[in-house]
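Just so it is clear, the values below take in all heavy atoms, side chains as well, and ignore hydrogens, waters and symmetry mates.
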Amino acid sequence: MPAAGPSLAEQAYLFVRDRLVMLDIKPGEPINEEWLGGSLGMGRTPIREALKRLESERLVVAYPRRGTFATDVNISDLAHISEVRRTLEPAATAAAAERATDEDRERLTALRERLDTGQPAGNTELLRVDLELHRAVYACVHNPFLEDTLIHYDNLATRIWCVFLPRLRGMAGHVNEHAPLLTAIIDGDAKKAAELTLGHVTGFEQAIRALI
């Protein structure tokens, strides 16, 4: 039997999540459930299930009698988010290097080839590529609990990126740092993957702190 597609609540969650992450829905902006339902062609129940999930991930906040709003981006959270990522991400990419299937490695090879052929202009599109690369690597860990955690903290980090996006320099270089990391995972070099990841995550924090 073919695999079941995502539930309505999952579809709503994914639709809203990346708009929150990329600040297409601005911090503090209300979430219009009626508009979402109309845009997605679904009732309020899956929308509300999706918003509950997003609230648990600190992407929205609900207030009694006021509604649901996109959370603010607090730069003071940078140190906490970076501490978690410095701890988890090197271990995760090391695991990815050891556990990636042949299909995973083919996908990472295709992504690496895309990097080699050049990246789109504009920091916003580069950041979308960055998200795609991270999520592809996380999937290679083959641990759904760890993958969800990694995506959660990468989403929070990306929201901070977005705040500083107009002032950031060298975004293409940051994205292209993934090329040797992808190679290490494809080659099964866990130690190299972990080292590169630590440098990548640390570089993100340093780039943001330089602008604060």
Side-chain angles (χ1 to χ4, degrees), residues 2-6 10-11 13-15 17-22 57 81-162 165 168 170-208:
E10 178 75 8
Q11 291 176 45
Y13 164 78
L14 294 173
F15 180 84
R17 182 195 66 181
D18 284 353
R19 283 159 179 78
L20 290 163
V21 169
M22 294 298 298
E57 296 179 2
I81 293 168
S82 297
E83 181 179 14
V84 174
R85 296 183 72 212
R86 286 195 305 271
T87 301
L88 293 184
E89 295 226 11
T93 51
E98 294 169 346
R99 301 174 188 171
T101 65
D102 290 342
E103 184 178 350
D104 291 332
R105 296 179 202 279
E106 288 176 7
R107 183 184 180 196
L108 296 185
T109 299
L111 288 171
R112 185 180 60 187
E113 289 172 354
R114 278 175 52 192
L115 287 177
D116 291 341
T117 58
Q119 292 306 313
N123 280 353
T124 299
E125 287 309 310
L126 284 166
L127 199 52
R128 293 187 195 279
V129 172
D130 188 77
L131 272 176
E132 180 184 3
L133 290 164
H134 281 218
R135 291 171 184 175
V137 169
Y138 301 155
C140 296
V141 179
H142 295 285
N143 178 332
F145 299 98
L146 181 53
E147 182 180 359
D148 284 350
T149 302
L150 293 165
I151 290 173
H152 169 55
Y153 284 98
D154 187 49
N155 287 341
L156 296 177
T158 299
R159 295 187 89 216
I160 294 176
W161 266 122
C162 286
L165 213 52
L168 279 170
M171 189 66 193
H174 176 82
V175 173
N176 285 330
E177 286 179 5
H178 291 88
L181 172 59
L182 295 176
T183 298
I185 296 172
I186 293 164
D187 293 345
D189 190 337
K191 182 180 179 182
K192 186 68 172 178
E195 290 173 351
L196 290 168
T197 300
L198 181 58
H200 183 73
V201 172
T202 302
F204 158 75
E205 183 179 10
Q206 290 173 343
I208 296 300

Student: For atom CD of Glu83, decide whether the heavy atoms of other residues, nucleotides or ligands shown that lie under 6.0 angstrom number more than 12.
Tutor: no
Student: With rounding to the nearest 0.5 Å, note down the distance linking SG in Cys140 to CG in Leu182.
Tutor: 9.0 Å
Student: Charged N to carboxylate O below 4.0 Å: is that the case for Glu57 and Arg17?
Tutor: no
Student: Please report the closest heavy-atom contact between Ile185 and Ala100, naming both atoms and the distance.
Tutor: CG2-CB, 4.5 Å
Student: How many angstroms lie between CG in Asp154 and CG in Leu88, if you round to the nearest 0.5 Å?
Tutor: 12.0 Å
Student: Of the options Leu127, Leu133, Leu126, which is the one that meets Val129 in a side-chain contact (heavy atoms from CB on, under 4.5 Å)?
Tutor: Leu133
Student: Testing the basics here: between Ala179 and Leu115, what is the closest heavy-atom pair and its distance to 0.1 Å?
Tutor: N-CD1, 3.7 Å
Student: Nearest heavy-atom pair of Val141 and Ala95: which atoms, and what distance?
Tutor: CG1-CB, 4.2 Å
Student: Is a side-chain N or O of Arg159 found less than 3.5 angstrom from the main chain of Leu20, in a donor-acceptor match?
Tutor: yes
Student: Compute whether any side-chain donor of one residue and acceptor of the other, for Arg112 and Thr183, lie under 3.5 angstrom apart.
Tutor: yes
Student: How long is the straight-line distance from OG1 of Thr93 back to NE2 of His134, given to the nearest 0.5 Å?
Tutor: 10.0 Å
Student: Donor-acceptor pair, distance only, cut-off 3.5 Å: does the side chain of Arg19 make one with the backbone of Phe15?
Tutor: yes
Student: Hey, is Arg114 close enough to Glu132 for a salt bridge, meaning N to O under 4.0 Å?
Tutor: yes
Student: Test your reading of the model: is there a side-chain donor-acceptor pair from Asn143 to the backbone of Phe145, 3.5 Å cut-off?
Tutor: yes
Student: So how far is it from Leu111 CG to His178 NE2, rounded to the nearest 0.5 Å?
Tutor: 10.0 Å
Student: Do Glu205 and Val201 have side-chain heavy atoms sitting under 4.5 Å apart?
Tutor: no
Student: Looking at CG of Leu181 and CD1 of Ile186, how far apart are the two atoms once the value is rounded to the nearest 0.5 Å?
Tutor: 9.5 Å
Student: Checking Asp104 against Thr101: is there a side-chain donor and acceptor pair closer than 3.5 Å?
Tutor: yes
Student: Is the closest side-chain heavy-atom distance between Glu195 and Pro90 below 4.5 Å?
Tutor: no
Student: Could you state the interatomic distance from OG1 (Thr124) to CG (Leu165), rounded to the nearest 0.5 Å?
Tutor: 4.5 Å
Student: According to the interplanar angle, ranging from 0 to 90°, do the rings of His174 and His200 count as parallel (below 30°), tilted (30 to 60°) or perpendicular (above 60°)?
Tutor: parallel
Student: Closest approach of Ala193 and Ala184, non-hydrogen atoms and distance?
Tutor: N-CB, 3.8 Å
Student: Hey, is the main chain of Gly188 close enough, under 3.5 Å, to the side chain of Glu98 for a donor-acceptor pair?
Tutor: no
Student: Does any donor atom in the side chain of Tyr153 or Glu89 lie under 3.5 Å from an acceptor atom in the other side chain?
Tutor: no
Student: Decide whether a cation-pi geometry holds between Arg85 and Phe204; the criteria are a distance under 6.0 Å from NZ or CZ to the six-membered ring centre and an angle within 45° of the ring axis.
Tutor: yes
Student: Can Asp18 and Arg135 be counted as an ion pair, charged N to O under 4.0 angstrom?
Tutor: yes
